[in-house]
Amino acid sequence: QIVPVKVDNKSEPAEATSVATRLATNDKVVAILGPATSGVLKATIPVVTKNKVPVLSASATADDVTVDEKGVREYVFRTCFNDSFQGTVMANFAAHNLNAKKAVMLVDNASHYSKGLAKNFKETFEKNGGTVVGQEAYVAKEKDFNAVLTKIKGLDFDVIFLPGYYEEVGLIIKQARDQGIDAPILGGDGFDSPTLVDLAGKAALNKVYFSNHYSSLDQDPDVVKFIEAFKKKYNAEPNAFNALGYDLAYFCVDALKRAGEADPIKLKDAIASTKDFKGVTGIITIDENHNPIKSITKLQMKDGEQTFLKKLDAK
């Protein structure tokens with residue numbers, strides 16, 4: 001029997017450290033599912049390593065979550081793809097699907113997420129024979145991006161890569177279209193929010209493409225079944241976090257069965273050897289860096305509506 005012990009880390013590193021200590025030492029859990037974000041998860045790493053309890057996240061995407069300068073973090077795993085993978089996939093999409101030769105990047109230089117995606121987009125785009133003709137910066141919580149967009153407008157480019165979150169992305173897209181910048185705009189999972197439409201307006205959200213972990217528009221039978229069950233229980237449409245969390249729980253259970261007993265060290269080894277686990281966000285195989293080899297979903301915005309393009313293989 002699985003007995004969940006639910007605690008709130010308040011999305012704060014200090015609280016996450018305290019909570020993880022309690023779970024590992026007092027509650028004697030065999031695994032910790034979460035935290036959801038990279039910085040908070042990293043705060044638990046010394047605790048789980050010392051107490052030899054695996055921690056798994058469904059949504060901590062920073063590249064250095066599972067590895068550091070010394071190598072792989074033995075007790076840390078994730079079931080979502082990392083930031084660099086998104087940058088790579090979208091660079092390949094720009095080159096191969098949109099036939100782009102020249103790109104501009106607009107990056108939040110204070111965000112590890114934004115910089116991580118941009119770095120890998122640039123590397124892959126250039127490997128594909130493309131050129132990044134310009135890179136400009138913006139600051140989170142800004143409202144007026146017209147000055148930097150005027151700079152970009154003067155360049156010769158085929159696509160804009162905009163790795164960021166919907167709060168800024170929505171306003172940037174609206175202001176870019178208002179300036180007559182009509183080029184395709186590409187990004188990552190930070191685009192995924194209904195608020196994007198509120199900020200940008202439906203008319204501006206055309207030729208906008210982004211990568212994500214999951215889409216409710218996917219017609220895969222397992223995805224359809226999950227959506228129906230979720231709607232029946234919660235009377236709401238499941239988002240990517242719901243799907244990722246669902247997979248995380250069953251992923252852990254699958255490893256626990258293969259471990260043969262409720263032993264954290266055996267469970268850690270079973271997680272590390274996971275191959276072809278089928279979840280609603282894709283088929284997961286854990287690689288040598290404790291990252292999943294899995295598919296990524298590609299979406300397009302048309303008149304403010306998300307449309308499902310396809311799942312792309314990790315390889």
Side-chain angles (χ1 to χ4, degrees), residues 2 4 6 31 33-34 36 56-61 77-83 85-86 88-90 92-93 96-97 165-166 169 186-198 202 205-258 271 274-287 291-315:
I2 306 295
K6 294 172 71 174
L33 306 189
L56 303 89
S57 178
S59 51
T61 58
F77 301 85
R78 63 174 143 214
T79 54
C80 57
F81 46 73
N82 58 350
D83 290 340
F85 181 44
Q86 292 194 75
T88 299
V89 164
M90 294 314 289
N92 285 330
F93 175 73
H96 304 318
N97 296 78
Y165 294 106
Y166 61 88
V169 165
L186 283 59
D189 58 333
F191 279 36
D192 186 26
S193 170
T195 308
L196 183 72
V197 183
D198 299 335
K202 290 184 177 181
L205 289 170
N206 284 292
K207 294 199 285 188
V208 173
Y209 306 88
F210 65 97
S211 53
N212 206 357
H213 307 268
Y214 150 93
S215 170
S216 60
L217 303 171
D218 189 345
Q219 291 303 302
D220 180 288
D222 287 336
V223 176
V224 172
K225 184 180 174 185
F226 162 71
I227 292 168
E228 288 173 352
F230 189 95
K231 282 181 176 176
K232 186 176 179 182
K233 183 162 186 177
Y234 298 106
N235 195 32
E237 187 88 19
N239 61 27
F241 280 107
N242 301 136
L244 287 163
Y246 179 86
D247 278 354
L248 183 68
Y250 279 102
F251 174 88
C252 185
V253 169
D254 172 76
L256 198 51
K257 287 177 181 175
R258 288 184 286 108
I271 294 167
T274 300
K275 285 185 172 56
D276 299 329
F277 168 81
K278 193 169 193 313
V280 295
T281 61
I283 295 171
I284 298 170
T285 294
I286 295 297
D287 70 11
N291 294 317
I293 301 169
K294 67 187 290 193
S295 56
I296 187 170
T297 296
K298 196 158 81 271
L299 300 164
Q300 178 180 359
M301 301 295 292
K302 288 184 179 177
D303 294 323
E305 298 287 337
Q306 284 189 17
T307 60
F308 177 74
L309 290 180
K310 60 178 163 179
K311 275 183 179 170
L312 294 176
D313 227 354
K315 297 174 182 177

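Note: hydrogens, waters and symmetry copies are ignored here, and every other heavy atom, side chains too, is used. Count residues from 1 along the sequence.
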Full working for side chain to side chain contact (heavy atoms under 4.5 Å, CB included) between Ser295 and Ile283
CA-CA 7 Å; Ser295 56; Ile283 295 171; over 6 Å; no

Mind running side chain to side chain donor-acceptor pair (under 3.5 Å) on Gln306 and Asn212 for me, showing each step along the way?
CA-CA 11 Å; Gln306 284 189 17; Asn212 206 357; 5.5 Å; no

Working for side chain to side chain contact (heavy atoms under 4.5 Å, CB included), residues Asp192 and Tyr166
CA-CA 7 Å; Asp192 186 26; Tyr166 61 88; over 6 Å; no

Does Tyr214 form a side chain to side chain contact (heavy atoms under 4.5 Å, CB included) with Phe226? I'd like the steps, not just the answer.
CA-CA 12 Å; Tyr214 150 93; Phe226 162 71; 4.0 Å; yes

Go through the steps for Leu205 and Asp303 under the test side chain to side chain contact (heavy atoms under 4.5 Å, CB included), then give the verdict.
CA-CA 5 Å; Leu205 289 170; Asp303 294 323; over 6 Å; no

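Here the closest heavy-atom approach between residue Val223 and residue Val280 is recorded as CG2-O, 3.4 Å. Across all non-hydrogen atoms, the minimal contact from Ser57 to Ala36 is OG-O, 3.9 Å. Contact detail for Ala255 and Ile271: the closest heavy-atom pair is CB-CG1, 3.6 Å. Considering all non-hydrogen atoms of both residues, Ala58 and Gly245 come closest at CB-N, 4.2 Å. Met301 approaches Leu196 most closely through the heavy-atom pair CE-CD2, 4.5 Å. Closest approach of Leu33 and Ala249 over heavy atoms only: CD1-CA, 4.2 Å.
Between the side chain of Asn242 and the backbone N or O of Asn239 there is at least one donor-acceptor pair closer than 3.5 Å. Between the side chain of Thr195 and the main chain of Asp198, no donor-acceptor pair closer than 3.5 Å is present.
Legend: salt bridge (charged side-chain N to carboxylate O under 4.0 Å, His left out) pairs involving residues 237-253, not counting sequence neighbours, sorted by first then second residue: Lys231-Glu237.
Within the model, atoms CG of Asn92 and CG of Asn97 stand 9.0 Å from one another, a figure rounded to the nearest 0.5 Å. Rounding to the nearest 0.5 Å places CZ of Phe230 at 11.0 Å from OG of Ser216. The OG atom of Ser211 sits 9.0 Å away from the CG atom of Leu186 when rounded to the nearest 0.5 Å. With rounding to the nearest 0.5 Å, the separation of CD in Gln300 from CZ in Phe210 is 10.5 Å.
Among the candidates Thr79, Ile296, Thr61, the single residue satisfying the side chain to side chain contact (heavy atoms under 4.5 Å, CB included) test with His213 is Thr61.
The shortest side-chain heavy-atom distance between Gln86 and Asp189 falls under the 4.5 Å cut-off. Counting only heavy atoms from C-beta outward, the side chains of Phe191 and Val208 approach each other to under 4.5 Å. Contact annotation: the side chain of Leu309 never approaches that of Leu299 to less than 4.5 Å [non-hydrogen atoms, C-beta and beyond]. Looking at Met90 and Tyr209, their side chains come closer than 4.5 Å, going by heavy atoms from C-beta outward. For the pair Lys202/Glu305, a side-chain contact is recorded, criterion being any heavy-atom separation below 4.5 Å from C-beta on. Counting heavy atoms from C-beta outward, Leu244 and Leu248 have side chains that stay 4.5 Å or more apart. Taking the side chain as every heavy atom from C-beta outward, Arg78 and Asn291 approach each other to under 4.5 Å. Phe251 has its side chain within reach of Ile284: a pair of non-hydrogen atoms, C-beta onward, lies under 4.5 Å apart.
No hydrogens or angles considered: a donor-acceptor pair under 3.5 Å links the side chains of Lys294 and Thr281.
Shown here is Phe308, whose CZ atom has more than 12 heavy atoms of other residues, nucleotides or ligands within 6.0 Å.
Under the side-chain contact (heavy atoms from CB on, under 4.5 Å) criterion, Asp222 pairs with Asp220, Lys278, not counting sequence neighbours.
Ring planes of Phe81 and Phe85: perpendicular class, angle over 60° (limits at 30 and 60°).
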